[in-house]
Amino acid sequence: VNDVKTGFSPFPGNINQLLFKLKPYAEALLRTKGAMPEFVNPKYADEAKTIFKKPTRLECMMQDFPTILSGDAAKRVGFTSISADM
């Protein structure tokens, strides 16, 4: 329910951002042909984990991109966190 005074939700949406410098990104794509580390994240329907709830698939996470960087580009990866109340 939105705040009656402001009209806004007290729980704002996710505003995570992932930024790339284009030159190292393009170089990594050329070197790896766009391949990223993959994983399988199955959802099971039973406690014994013998029946899938739905078909599983290969997935990858964009935050894993730095793992495929090399040389100077790999040394220049950074992370910034800011207070949630900003």
Side-chain angles (χ1 to χ4, degrees):
V1 176
N2 290 347
D3 182 281
V4 291
K5 282 186 175 180
T6 66
F8 295 110
S9 169
F11 308 105
N14 183 341
I15 59 167
N16 290 339
Q17 296 181 20
L18 187 61
L19 305 174
F20 296 107
K21 191 176 260 188
L22 288 180
K23 187 176 182 214
Y25 181 69
E27 290 168 353
L29 287 176
L30 286 172
R31 184 174 40 76
T32 64
K33 297 184 174 107
M36 288 289 296
E38 300 170 321
F39 64 96
V40 177
N41 188 13
K43 307 293 188 245
Y44 294 102
D46 64 333
E47 230 177 273
K49 296 185 177 184
T50 58
I51 302 169
F52 291 119
K53 186 182 252 183
K54 57 184 178 180
T56 193
R57 63 183 187 266
L58 286 176
E59 300 180 25
C60 67
M61 296 187 293
M62 287 306 297
Q63 61 264 39
D64 284 346
F65 174 70
T67 66
I68 66 167
L69 294 174
S70 62
D72 194 46
K75 297 175 189 172
R76 307 192 85 197
V77 174
F79 171 81
T80 301
S81 179
I82 60 171
S83 175
D85 61 352
M86 289 191 67

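Reckoned from all heavy atoms, side chains included, excluding hydrogens, waters and symmetry mates.
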- [ ] First locate atom CZ of Arg76, then atom CG of Leu69, and finally report the distance between them rounded to the nearest 0.5 Å.
- [x] 11.5 Å
Open item on the list: For the CD atom on Glu59, are there more than 12 heavy atoms of other groups (residues, nucleotides or ligands in this structure) within a distance under 6.0 Å?
Closed with: yes
TODO: Identify whether the distance between the nearest side-chain nitrogen and carboxylate oxygen of Arg31 and Glu27 falls below 4.0 Å.
DONE: no
Task: N/O donor-acceptor pair under 3.5 Å between Asp3 side chain and Pro10 backbone - done: no
Task: Parallel, tilted or perpendicular: ring planes of Tyr44 versus Phe52, cut at 30 and 60 degrees - done: parallel
TODO: Check for a donor-acceptor pair, side chain of Arg57 on one end and backbone N or O of Asn41 on the other, with a separation under 3.5 Å.
DONE: no
Task: side-chain contact (heavy atoms from CB on, under 4.5 Å) evaluation trace for Met36 with Met61 - done: CA-CA 8 Å; Met36 288 289 296; Met61 296 187 293; over 6 Å; no
TODO: Check Asn2 against Gly7 and note the closest heavy-atom contact, atom names and distance.
DONE: ND2-O, 3.0 Å
Task: From Asp64 atom CG to Phe39 atom CZ, the distance as rounded to the nearest 0.5 Å - done: 7.5 Å
TODO: Quick one: closest heavy-atom pair of Cys60 and Pro37, and the distance?
DONE: CB-O, 3.2 Å
